[in-house]
Amino acid sequence: MVQLNNRKAVNRHDYKCPEFLVSHINLFFELDTKATKVTSVMQVHRQLTGAALVLDGQQLELLRVAVDGKDLQCSEYHQDNETLTIANLPDRCELTVVTQISPLDNTALEGLYLAEDTFCTQCEAQGFRRISYALDRPDVLAEYHVTIKADAQRYPYLLSNGNKVAEHIDSDGNRIVQWHDPFPKPCYLFALVAGDFDLLTEQFVTQSGRNVALQLFVDKGQAAKGQFALQALKRAMRWDEQRFNLEYDLDIYMIVAVDFFNMGAMENKGLNVFNSKYVLADNNTATDRDYYNIESIIGHEYFHNWTGNRVTCRDWFQLSLKEGLTVFRDQEFSADMGSATLCRIDAVKLIRTAQFAEDASPMAHPIRPESVLEMNNFYTVTVYDKGAEVIRMLQTILGRDKFNQGLALYLQRHDGQAATCDDFVQAMQDASGKDLSLFSRWYSQSGTPELTVQQQFNVLTGQLCLTLQQHTPVTADQANKHSLCIPVQIELLLQDGSKQTHLLLLEQETQQFVFDDLSTEPVIVWLAHFSAPVKLHQQNDDSTLLNIAAHATDGVARWDAMQQFWNSKVQQLVAGADAFAILPEQLFSLMGQWLATPSPDLALTAELLTLPDFDTLAEQYTEIPVEAILSALHHCNLLLATRLQRDVVSCYQQLSPQPYRYDDESAGRRKLAAVCLKYIALLPEQNSDVVIKHYEQSDNMTDTISALQVSQQYLTNTFSVLIEDFISKWQDNVLAMDKAFSLIATDRSEHVFDGIEKMLSHPLFSWKNPNRVRALFSAFSLRNPDQFHRIDGKGYNLLQQTVATMDSINPQVAARLVTPLLSWRRFDSDRQQLMRNALQILASHDSLSNDLFEKVNRSLN
Ligand code: B3K
Ligand code: ZN
């Protein structure tokens, strides 16, 4: 344990088996907004002779403790702010603990809280200890019986995990419902919901012929908006059977949508709780992106039923065991449901921006962290998305069949258990017969490996020699780095039009790979499909990259070649080159062709025509040249708009809107139209009419938002008119208003500060609702580099004040919001000073949460 000002960080290597286990828990909830009484009756079994039982508990009022029915006196136990300790327990006993809590005052949204009028829980990672005293650790698995009592009229639905076993209304008008979950689970998977909802139902017949009742609970009046999510659930259930032979196990699967939620959703056994943003959708209010996210998150939580719930984590350091694997599974699901190319491009973008940035930040950590103060700080893009890349690399190395066998073995071996990442790799190794000891370093080493590749071709012998070299720069958390096992997929494009794909397994620092009998020197597509989460340094020149972008079979490789092309161009511009001089004619003619005859995958064409964003470009630099990148981006976009004017306009005209449907083809059409609209808006002539028409003719949220985004970026006056119209139309719809909040917060002009200020007094804004706060402030700090990184520090101050306000309300949200300030070392000295000042102000606050303390402290020291 490391002491940080009396705060206790926990280290992975300090894991100890539990001293006691709990086989059964009976919970009785008497719900009341301010004084909920929780009676917990646990069957406790000693594992270690002599040990005292130490239960976790926070912000609980203790009413009673009894052992085998006999009340304990105060002197027979010890209570502090975080624990309840009872010594001298028999080896087996029934322990009763009665506590009282106030859900109404729980603004942290951890434990039992009120989401407007709905009682709702969030227990992962350590929220259960805010409900009752418990062994709040994932390796203590118990069978739960839950009884809920609440006013029958106000709370027609009283839900918990598993199967409903009884329901009645007592003489006082209270509804009493009992639930039993036959699958032992850790307390982080416990859930309770009480409220009044509209209920959507469906049936699912599993592959073995069992009937499962599907129930989706949404706010009153919102039933029609739940249909898409419910159908997505059925698709996910079928897909998991077909792809991994995994079937659902209970007779009922419930999902509840609430508007107050700290993250996307939670996979509680049989009773998922979702942020309503990832459930509610119809064509008027949801964008194509919203539909995509809903399907993917519905899938993600469902897939956790096996990877997370049936087999859970031994300790929280193993989080990627369930999260990396489940993200991989949801990515595979999305790829099968729609455009696999677009899914992969999305995943790669996230790694290249947020994950690489995290590796370069003070919060750098391996996918299996080593030391943690606040667990909630480690639900990161590294644990989740790099974790998913590690799983994907395993599939690439082993092949899909062996990988599937490995997963089946892992689930069979550890069903009903709390496992480790090592257990997972072991199962993969045993099923495939491949030694994975070197590969497992991906779990313990943090940082972004850099790969330098070179090719040499001997015209006389037809021999191609590839030299690959790896190097992982030091990170904030780890000084020594080692070579990793990196699967490098390549595609050789030969001059006769034929293609070869090869998988190179780089296991040493430097390695050579030789290919014989080639008639001519091939063009090489490196790291095809982004086969490893690494930065690539390669020698391909402009013309080669544009050739790959034009001719590679794989859409991801084509897109990636364009990304590499623009990365190198922006570097040249930042170094002082002139855009007119460095953008080759080949580029304009290629982009012109794409506009003239877009490929059948219109969304891919849209991606090919779009420059990398600020964050992607910034990752090339140790010290990020903010103004130079923004200005390079602007110049390139402007030049493209001017040079491609005719093609853009005619492409846009061919994409005339059709009645809205959410499917791949029409979503691609809208995406390409939006890209064209952006270039049209950038043209020197006054093009606001086209944008206004796009807005006015729109019958769906996607086109509406495209018109708003484009005008907000390039046509300020038009934006003012359109956003006013949008707000008056949607002023009563929170999810649509979140989009307005984000648009206002990404205004590139200094008016953004007034805009944000004004929105803070909008009737729908609430500091207590994470969706509202994120819609304004994450949008501002993550997607408005012009104003966030202002050289006068106004952007940093705004974020600092927001984080300070949030920390006393909801520490988890505050700690997420602070992230962009942590990387102050990546900026010039003026900005460094300003960002550090902002962090120091935060550090000086008296009652900083552990969440914020850990991040600020890591960044400043
Ligand atoms: N397992 C939850 C995340 C819990 C976050 C706790 N701060 C959602 C998910 O990954 O599916
Ligand atoms: Zn998850």
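Atoms within a ligand are numbered from 1 in the order they appear, just like the ligands themselves. Just so it is clear, the values below take in all heavy atoms, side chains as well, and ignore hydrogens, waters and symmetry mates.
- Taking the centre and axis of the six-membered ring of Phe190, the NZ or CZ atom of Lys185 falls outside the cone set by 45° and 6.0 Å.
- Annotation: angle subtended at the Zn ion (ligand 2) by His300 NE2 and His304 NE2 is 100°, to 10°.
- The distance from ligand 1 to the heavy atoms of Gln812 drops below 4.0 Å at these ligand atoms: 7 (N).
- Salt-bridge annotation for Lys269 and Asp181: absent, with no side-chain N of the basic residue lying under 4.0 Å from a carboxylate O of the acidic one.
- In terms of protein heavy atoms, atom 8 (C) of ligand 1 is closest to Ala265 O, 2.9 Å.
- Proximity of Lys322 to ligand 1, defined as any heavy-atom pair under 4.0 Å, is confined to the side chain (atoms from C-beta onward).
- With hydrogens left out, the protein atom closest to atom 7 (N) of ligand 1 is Asn376 OD1, 2.9 Å, a heavy atom.
- Scanning all protein heavy atoms for the shortest distance to atom 3 (C) of ligand 1 gives Tyr384 OH, 3.5 Å.
- Ring pair Tyr157/Phe197 is tilted by interplanar angle, where 30° to 60° counts as tilted.
- At a threshold of 2.8 Å, the Zn ion (ligand 2) has a backbone or side-chain N, O or S atom of Glu323 nearer than that distance.
- Atoms of ligand 1 lying under 4.0 Å from any heavy atom of Glu323, numbered from 1 in the order shown and given with element: 1 (N), 9 (C), 10 (O).
- Residue Arg352 places its CZ atom among more than 12 non-hydrogen atoms of other residues, nucleotides or ligands, all under 6.0 Å distant.
- Near Glu267, meaning under 4.0 Å from any of its heavy atoms, are these atoms of ligand 1: 1 (N), 2 (C), 8 (C), 9 (C), 11 (O).
- Checked against a 3.5 angstrom limit, the closest N/O atoms of Gln122 and ligand 1 fall outside it.
- When each atom of ligand 1 is checked for a heavy atom of Met266 under 4.0 Å away, the hits are 1 (N), 2 (C).
- Here's the thing with His304: one of its N/O atoms is less than 3.5 angstrom from an N/O atom of ligand 1.
- A cation-pi arrangement is absent between Arg772 and Phe741 under the rule of less than 6.0 angstrom and at most 45 degrees off the ring axis.
- The shortest contact between atom 6 (C) of ligand 1 and any protein heavy atom is with Glu124 O, 3.2 Å.
- Summarising the local packing, NZ of Lys349 is surrounded by more than 12 heavy atoms from other residues, nucleotides or ligands at distances under 6.0 Å.
- A cation-pi contact links Arg310 to Trp306, judged by a cut-off of 6.0 Å to the six-membered ring centre and 45° from its axis.
- We find that Lys16 and Asp139 are not joined by a salt bridge, their nearest charged nitrogen and carboxylate oxygen being 4.0 Å or further apart.
- Stacking of Arg314 on the aromatic ring of Tyr15 is recorded, both the 6.0 Å distance cut-off and the 45° axial limit being met.
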